[in-house]
Amino acid sequence: MKFETVIGLEIHVELATKSKIFCSCTTEFDGTPNSHCCPICTGMPGVLPVLNKSVVEYAVKTGIALGCEIQKYNRFDRKNYFYPDLPKAYQISQLYLPFARNGCVEISVDGCNKKNIRIHEIHMEEDAGKLIHSETGDATYIDYNRCGVPLIEIVTEPDFRSSEEVIAFLAKIKSMFEYMDVSDCKMQEGSMRVDVNLSVREFGDKELGTRTEMKNLNSFKGIERAINSESQRQINLISSGERVIQETRRWDDTKGRSSSMRTKENANDYRYFPEPDIPPLMIDNNTLIRLTGSLPEFAEEKAERFTKKYFLSKADSLIIASSKHLAQLFEQTVIICRNPKEERYWLLGQVMYLLKEKAMTPDEITLTPQKFAEFVNICSSERINRQAGKTVFENMFFADDSFDIENFITENSLEQVDDANAIRNAVLRVLAENPNTVEQFKSGQTKVFGFFVGQVMKVLKGKAKPDSVNKIIKEELNKL
Amino acid sequence: MDLLKLTALELSAAIKRGDATCFDAVNCVFNSIQKHKNLNAFITCDREYALKRAKEVQEQIDNGVYLSPLAGVPISVKDNISTKDFTTTCASRMLENYKPCYDATVVRRLNEAGLIIIGKTNMDEFAMGSTGETSCFGSVKNPFCENKVAGGSSSGSAVSVATGQAFLSLGSDTGGSVRQPAAHCGVFGFKPTYGAVSRYGLIAYASSLDQIGVFSKTAEDSATLLDIICGKDELDSTTIPNKLSYNPLREDIKYRKIAIPNKCIIGVQPEVRNAVISFADNLKSLGATVDFTELDIFDYGVATYYIIASAQASSNLSRYDGVRFGRRAKDYSTLSDMYLKTRSEGFGYEVKKRIMLGNFVLCEGYYDAYYKKALEVKTLIDNKFDEIFLNYDYIITPTSPTTAPTINGEKSLTLDTYIDDLFTVPVNLSGLPALSMPFGNDSEGMPIGIQIIGPKCHDNDVLSLAYALRNMEANR
C-alpha cells in the first residue's frame, strides 16, 4: 500500500502592537512577572475589555496579505473554560464571524513547481498568561504579562502533503509578516506557535483518514521531525490493521516522539456565545483600500527586483529577500557602495556563516549599512585580499559602530602586498625549497600549484594579492 | 432644621448658603443608620471616612470652589459597584473581604462632584434576586413592615433612601433591581437607557442588561445625579457616544400619549390596579391622552430574560475561582478540587442555580434552542417597543404585580417568584429608560410603585413625566 500524508495547520501569531488587545498594557516580551498588567488583563471584578484599533489594522493586513476575503462585519465571542492562566475563565476570540475567510497562499518547495495552500479562516483572540511550575513541584506560579497580548489564529485547509510544503509555507508567512512589521514570528519566543493536524490515507483515496493534533512544536526542524514521525506512526498502525485514535498528542523533540495528551471524549464544551461587552466590528471600504495600499513589497517581488536591478542570480536574490532585515541591509548598503557583486560575496558568505555560527537571527545584526559599504569599497579597491577581509569582517560584525576599519587594517598589518619583487623573492624561495614538488608539477600534476600558492602566502603572511602570486608563480615555473 | 426633610438638591443648596455643613449632613445620616440598624440596609459604612470626606468637600465649598449641585450630599452605593475605599462584596462569601484596587467610573465622578459616599448597601448576592433575601449577610427588611421584603436586588439602597440613611443611592438594574425595590420602599428609582451610564466598575451580572441606576426622593434629585454620572466612558465600549441631558425637567405633559397595557392591570393586587387607574386619571387631568391597550410586550419577557441573564452570568461569574483574589477554599488536593470547593463554599443557592441554568442554555446541543433563540426573541421585543413608541410617548405599568411580599426564605427561592419580574424585565431586554415612582399605599400601608417607560435616550422625558405628577396623590 502506498500512503499519502494529509496535513492542516493551526498557527497562532502574536501581533506586535505596542499595547495589548483589550487594555493599554505593554506587549513587551519578558519583564518582571506581573509587571505588564492591569485590572483589565487580569480579569478583576467589574472591568471591561476595550478593543485596541491597531490590532484590527494589523490583523486585517495579514488577512489581505494571505489573500483572504475580509469580513466587513465581524464580531467577538467568548470561549469559556477554567484554567489558572485564563483570568476571566473565558477567552475573547472569534468563532462565528472571524475577520477573514477563504484565503490562499502560493508556495514552492523546489523554486519551480508552485502549489496553492488554502486558508480556511483567520480570527483575532487574546493570549493567556504563563504557568511556571516550581522546581520542587509543590507550587505553580502564574505570570499574566502575556495575558491579553493580541493573537491571530490562521487555520489552513488540509492542503499540505509533506513536511517540506509545511516548512515552505511557514517560512513564507514568516517572511511576509516580518515585512509587514506585524510580527517577528519567532517560534523560540512563542510569537509563532504551530499545531499540526495530520492524517494518512491510501494514495488515490478521496476520504480523509482519522487525524491527530500535535502540539509543543518549537522550531521548523522540530515540525519537520514531528510530521515525519507521526506520519510513520499512523502508517504503521494502519498497516498492522489497527485504527488511528483521534487525539491530541504532545511532541517531545529531545525524545523524537509524541505521546497522547487527551482524546476527543475529554474535550471541553466551550459554551461559545457572542461577547456582549464589545460592539460588533464594521470594517469599511476606505480602511480596506488604505490597508491594501500599505502592503510592502514581499520576498518574491523583491527578489525579482534585485535580480533585475542588481544583477544577482535568482537563487541569491531569493535568499537575501526572504529576510526583511537581510534585504534591508543589502539594499541600504548597495546604495552607498554601488558594488552589489562584492557586497553579495560578503553577505551570502560571511554574514550567513556568522549568523549560523552564533545562532543569531538577521534582526540581531548590528552592522550598519554605512560601515558595511565602507568595508566593501576597501575590499573592491584591493587594498586587502579576501583572507584579510575575513579577519576584518569577523571583528567588525560583532563590534559596535565605533569600530574603525582603517585603524584595524593598519594595526594588524593587513594591507595587501603587491610588491612584485617581494612576491618574486618569496616564490623563488618556495620553489627552491621544494624541488620534488616542482618535479611533480613538471611531470603533469598541475594540482600541486595550489601547494605553491599556499606556501608563498605563508611566507608573505597571507597578505599577498592572490592574482599577482598566481601570475608570478606561473612565470617562474615556466622558466624552469 | 431637620436636614432629613430636605431633598438632596435642597441640602446642597443649604450647605452652599452656609445654613448647614457637610458634617451636619453626615452626622444626620449616621444617626438614621444607627436608628435603623435592624433593617440591615448596609454591609459597610464608615463614619470616620465620611467625616474626612465631609472635611475635604467643606473646605472646597468654603474656598468658593464649585463642585456640583449635589456637593456635600451623603450618598450610599450598592455593594456591587467597585470602591477603592470600601470592600465590595456583592453580598457574597466569595468576595467577603475583597477590596478593589480601582474605583468604578461612576464612583470617580461622584467623588469629583463632591458627593460623600458613606457606605455600601446590602443586596441580593451578585444582584440575583428580587427580595433582598439572598445576601450572605442576612435579609434586608422593609422599613414599612419588618416582616416584609425590601425588594431586590438593590434592597439596601432603596431602604437607605427611604429611611434617611442616605439622601441618594446608586444601585444596579438588570431586570428591575432598582425599580422594584424603589416601589416596595416608596422611593424614586430610575434606570437609564442602556449605555447612558458607564458599567466600568460595576461587577457584572448580565452584561447586555446591567445598568447603574439611582434612588432618590424626588425626580429632580435623580435627574441631577444622573447628569453627574452619565456620559461616554473610554473604559466601557457599550456606552453611547452622546451624553444625555437629564435636566431641565419639563412639567407640561399636555398632548403626551400614554399607553397602559390591559394585561398589566388584570391579575395584579387590587390596590395596585386602582393605583394605576388613579394615576391614569391624574395624567388625563394634566392634559395627556391615556389609552388602555392590548399591548403584549410581556408574554416572553421573563423566559427570555432568565435565559440571557443566566447565560451571561454563568460566564461573568467564572472568574471567581479562588486563583487571584477573593475566597479560596482552605483544603484542596488538586486544581479541580480547589475550583469546586471554592465555588461551592463561596456562592449561595440562587447564584448556583442561575450559573447552572446559564451553563445549560449555552452548552452544545442546546445553544440554538435556548440562547440563540432568546437573542432572537429579544430583537422581536425590541421591534415591538419601537412599534409602540411610533404612536405613544410612554408606557405605564405597575412596577410590581403586588406590594412587598412577606419575607419567606424558601418559598422565595422557587421559580414561581420569577414571574413577579414580568413588568420590569422587558425594559432591560430593550435597554429602555424607566423609573418607578411612589404612588399611594395598600390597605396595610405598603407602598405602591408605578413604572414609566420611555423610548431609548428619552430619559429626560421619562423623568419629566414623573416630575409633572409630583404633587398628585393616589385615590383610594
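Just so it is clear: chains get the letters A, B, ... in the order the sequence lines come, proteins before strands, and each one is counted from 1.
Counted within 6.0 Å of CD1 on A:Ile132, heavy atoms from surrounding residues, nucleotides or ligands total more than 12; the atom is thus considered enclosed. Other residues, nucleotides and ligands contribute over 12 non-hydrogen atoms within 6.0 Å of the CZ atom of A:Arg75. In B:Asp331, the CG atom is not crowded: 12 or fewer heavy atoms of neighbouring residues, nucleotides or ligands sit closer than 6.0 Å. Within 6.0 Å of atom NZ in B:Lys243, more than 12 heavy atoms from other residues, nucleotides or ligands are found, so the atom counts as buried in its surroundings. Counted within 6.0 Å of NZ on B:Lys232, heavy atoms from surrounding residues, nucleotides or ligands total more than 12; the atom is thus considered enclosed. For CZ of A:Arg211, the number of neighbouring non-hydrogen atoms (other residues, nucleotides, ligands) closer than 6.0 Å is 12 at most. With a 6.0 Å radius and a threshold of 12 heavy atoms from other residues, nucleotides or ligands, B:Tyr366 has its OH atom at or below the threshold. Annotation for B:Lys373: atom NZ does not count as buried by contact number, only 12 or fewer foreign heavy atoms lying within 6.0 Å.
When heavy atoms are compared at a cutoff of 4.5 Å, B:Ser82 approaches chain A solely by way of its side chain, counted from C-beta outward. In this structure, the portion of B:Cys101 lying under 4.5 Å from any heavy atom of chain A is its side chain and not its backbone. For B:Asn359, the parts sitting under 4.5 Å from any heavy atom of chain A are the backbone and the side chain alike. When heavy atoms are compared at a cutoff of 4.5 Å, A:Pro39 approaches chain B solely by way of its side chain, counted from C-beta outward. Within the 4.5 angstrom heavy-atom criterion, atoms from both the backbone and the side chain of B:Tyr200 approach chain A. For chain A, the nearby part of B:Tyr320 is the side chain; its heavy atoms alone come within less than 4.5 Å. In this structure, chain A has a heavy atom under 4.5 Å from the side chain of B:Leu335, while its backbone stays farther away. In this structure, no portion of A:Phe22 lies under 4.5 Å from any heavy atom of chain B.
Between the A:Asp269 side chain and the B:Glu364 main chain, a donor and an acceptor come within less than 3.5 Å of each other.
Put simply, the side chain of B:Glu234 does not reach to within 4.5 Å of the side chain of A:Val50, judged on heavy atoms. A:Phe82 places none of its side-chain heavy atoms less than 4.5 Å from the side chain of B:Arg319. Side-chain contact between A:Pro87 and B:Arg324 is present, with at least one heavy-atom pair separated by less than 4.5 Å. The closest side-chain heavy-atom distance from A:Tyr81 to B:Ser318 is not below 4.5 Å. Contact check for B:Leu362 versus A:Arg78: no side-chain heavy atoms found under the 4.5 Å cut-off. Using a 4.5 Å heavy-atom threshold, the side chains of A:Leu48 and B:Leu235 count as separate. The shortest distance between side-chain heavy atoms of A:Val47 and B:Tyr102 falls below 4.5 Å.
In this structure, the separation between OG on B:Ser314 and OH on A:Tyr90 is 11.0 Å, given to the nearest 0.5 Å.
Contacts of residues 272-279 of chain A with chain B at a heavy-atom distance below 4.5 Å involve A:Tyr272, A:Phe273, A:Pro274, A:Pro276, A:Asp277, A:Pro279, listed in sequence order.
Side chains of A:Arg271 and B:Tyr367: a donor-acceptor N/O pair is absent below 3.5 angstrom, by distance only.
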